[in-house]
Structures are given as C-alpha cells and as structure tokens.
Amino acid sequence: MKRPRASIDSDASKSKQVACTHAQLNVVDLAGSERVKKSGAVGAQFKEATAINKSLLAFGNVVSALAAKQKHVPFRDSKLTRILEGSLGGNCKTSLLVCTSPASQHVGET
C-alpha cells in the first residue's frame, strides 16, 4: 500500500510528496494436524495437540470465508487468526507453502 508522505524542504513554502510502501512479513509454522490416536499423546502433549487442531480449524474457516466472499469472516476464533488478520484479508498478497508427505501411509492425512 503506498501512502503519500510530505517532507519539508529547506524552504518552508516547498514540500515534496514521497511514496511510502508499508510491508509486513509473517512466517508461521502451522505444525500440521495432530492425530492424537496415532501419536499416543497424553497430558501436556494432548493439550498442545488439541490447541494446534483448534487453531488449524479456525484458520481453515477464515480461509473458506474469504474464498466464499462471506460478509462475516471469523478472525476472532483463535489467536492465530487474530494475529494474521491483516495479512489475510483486504489489500494484501498472501502466499501459503504446504509441505506434504509423499509416503502412501500418509495419504489420508495429506
């Protein structure tokens, strides 16, 4: 997004318009869906896996709402989507890098 910015020259009566570009880079490791049954997580690991799954579900809901151009986009459903709100909607460019496993035993999760 370019915003005009006024700068004062040595002469107070002259001013220049300078283009200013604002950029923001977010790098987020979304970890991947945690299969509690498969990993055998218990205790603190179980709570962490549950939180990861909740954040990924909320992220998926936001992406779906934006793709469908819905009026309401549920950014407030998780901390992750609140943090990324400025990078997902509006006047921005978003890239998503997805790493998947080529192994046949992971086809159901990929």
Beyond-backbone contact of Q24 with S87, side-chain heavy atoms, under 4.5 angstrom: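 Yes, close enough: below the 4.5 Å cut-off.
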Heavy-atom side-chain contact between C92 and T94 under 4.5 Å: yes
Residues clustering with V27 (ILVMFWY side chains joined when closer than 4.5 Å, directly or via others): L25
R76 atom CZ: more than 12 heavy-atom contacts under 6.0 Å: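 Count not over threshold, so no.
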Nearest-0.5 Å distance that lies between atom CD in Q45 and atom OG1 in T50: 11.5 Å
T81 (side chain) donor-acceptor with S78 (main chain) under 3.5 angstrom: yes
Side chains of residues 59-71: which donor-acceptor partners sit under 3.5 Å, not counting sequence neighbours?
residue, atom, partner, partner atom, Å
N61, ND2, L57, O, 3.4
S64, OG, G60, O, 3.0

Path from V28 to I52 over hydrophobic side-chain contacts below 4.5 Å: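 Looking at the clustering, I52 is in the same group as V28.
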